[in-house]
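Order of listing sets the numbers, starting from 1, for every ligand and every atom in it. Reckoned from all heavy atoms, side chains included, excluding hydrogens, waters and symmetry mates.
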Amino acid sequence: MLIHSASQLLTLQGGPQRGRALGALGIIEDGAVVVRDEKIVAVGATAELRASYPNEPTLDANHCVLMPGFVDPHTHVIWDGDRADEFEKKMAGKPYLEILAEGGGILSTVRATRTASIESLIAQTRPRLLRMFAHGTTTVEAKTGYGLQTATELRLLKALLTLDDETPLDLAFTFLGAHAIAPEYKDDPQGYTDLVCQTMLPMLKEWWDTHAPRRPLPFVDVFCENKAFTLEQSRQILTQARSLGFPLKIHADEFDNLGGASLAVELGAVSADHLVKTSDADIAALGKSDTVAVALPCTPFGLAERDYTPAHKLIEAGALLALATDCNPGTSWNESMQISIALACRYMRLTPAQAIAASTINSAHAIRRADTIGSIEIGKQADMLILSVPDYRHLGYRYGTNLVRQVIKRGQIYSVDVGYYRTA
Ligand code: NIG
Ligand code: FE
């Protein structure tokens, strides 16, 4: 298939973009792409590719933007129920961590999720994933973390494996048994930390080897925060995970600076996420490392907080910056990377080009998949979007309506067209 006549083909070629290099879109005007068997086989100008592939079936991009599918590298997409009541309380002034300390927040979703059947969890999560897909997300990371007991955490993974098989999206998996202190260990956080290390992680390894033997091991993540896991407990969990061969992620500095970002660098974590209250020393450490800094602007927005990830400090330090939705029922129920981009432009002062690179090639790198997705280059998986607009800057500029017209996933075309765009 030859996709032709893109006003702007955003290739994002050349690998993850560090520091000030962020925002190189690699634009080809009047661009075209040839796809065969799920993969990209040619990239260039329309006239050139039409001449080299005269008999190829065609798809007209109608002078709109053609770009890589979004990669959302941080979500908590699987859960039961909702927390509309808490949203109301938070907007009336009650702090998020106070609700958690009183047994609500994450723990109220844990209570609901523990009693939900796997069928119900799949049925609730599927439409969330499909809405993400309709908004242009072609690969999504998904965390467990609303079980906080071995059996439920593994049930969540089982449901996610099923959803990976039955939806057009590709999922990347993360075990977040250390999302909060389990209610049974309310007065013994160290006891729960030891349980994660001594029981859950070894069982996870064994479970994965039987249930998903051909897939890479999932990431292991920790919520390093006051009222969740201390820096020392986070170190204990991540060190144990690393010794079992798991790649690492961390929730760091969402509300307080505990040093989680520097811990991530020290342990060679794939990413450190949130990074709102991150210190200058932590930023300097990230800047010199391969740990991707994942910003989640929907989270302070969702909580009506003032501070956002200091993107420009990270860029100046030379860090690899990525964006995600953090989709979850407590702090950010947003399924669209287009909203993350719009907020990143306004509150983190990214340009649309920087936000797009942070949502494609760099976010692919944040889940270790930049070798196969995140850009339009020969040999990569054909995961692409045709927008309904001629200029990439409409991403960021416009928000709240879906600018994606067609999603191309592994070479298959899915139409989400609302039927109004410029034609030649
Ligand atoms: O990334 N911070 C911890 N985890 C989520 C919130 C989860 C929840 O409130 O249910 C986050 O913001
Ligand atoms: Fe999160």
Salt bridge or not between Lys143 and Glu141? Use side-chain N to carboxylate O under 4.0 Å. yes
Option passing side chain to side chain donor-acceptor pair (under 3.5 Å) with Lys409 (candidates Thr167, Thr138, Asp170): Asp170
When the ring planes of His394 and Tyr397 are compared, do they come out parallel, tilted or perpendicular, using 30° and 60° as the limits? perpendicular
Quick one: sort the His74 and His251 rings into parallel, tilted or perpendicular, breaks at 30° and 60°. perpendicular
Is the ring pair Tyr347/Phe301 parallel, tilted or perpendicular, if the boundaries are 30 and 60 degrees? tilted
Of all the heavy-atom pairs spanning Pro202 and Cys197, show the shortest one and how long it is. CD-O, 3.3 Å
Kindly say whether Ala134 contributes a backbone atom to a donor-acceptor pair with the side chain of Asn402 at under 3.5 angstrom? yes
Evaluate Lys158 against His211 for side chain to side chain contact (heavy atoms under 4.5 Å, CB included), listing each step before the verdict. CA-CA 8 Å; Lys158 180 107 190 10; His211 289 80; 4.2 Å; yes
Over all atoms of both residues, closest heavy-atom pair of Leu320 and Asp290: CD1-O, 4.0 Å
The expected count of protein N/O/S atoms at less than 2.8 Å from the Fe ion (ligand 2) is 4
Pairwise, report which nitrogen or oxygen atoms of ligand 1 are under 3.5 angstrom from protein nitrogen or oxygen atoms, and how far apart they are.
from: ligand 1; atom 1: 1 (O); to: His76; atom 2: NE2; distance (Å): 3.2
from: ligand 1; atom 1: 1 (O); to: His251; atom 2: NE2; distance (Å): 3.3
from: ligand 1; atom 1: 1 (O); to: His274; atom 2: NE2; distance (Å): 2.9
from: ligand 1; atom 1: 1 (O); to: Asp326; atom 2: OD1; distance (Å): 2.9
from: ligand 1; atom 1: 1 (O); to: Asp326; atom 2: OD2; distance (Å): 2.9
from: ligand 1; atom 1: 2 (N); to: Glu254; atom 2: OE1; distance (Å): 2.6
from: ligand 1; atom 1: 4 (N); to: His179; atom 2: NE2; distance (Å): 2.8
from: ligand 1; atom 1: 9 (O); to: Arg83; atom 2: NH2; distance (Å): 2.8
from: ligand 1; atom 1: 9 (O); to: Tyr96; atom 2: OH; distance (Å): 2.4
from: ligand 1; atom 1: 10 (O); to: Arg83; atom 2: NH1; distance (Å): 2.9
from: ligand 1; atom 1: 10 (O); to: Arg83; atom 2: NH2; distance (Å): 3.3
from: ligand 1; atom 1: 10 (O); to: Tyr146; atom 2: OH; distance (Å): 2.6
from: ligand 1; atom 1: 12 (O); to: Glu254; atom 2: OE2; distance (Å): 3.0
from: ligand 1; atom 1: 12 (O); to: Asp326; atom 2: OD2; distance (Å): 3.0
from: ligand 1; atom 1: 12 (O); to: Thr331; atom 2: OG1; distance (Å): 2.9

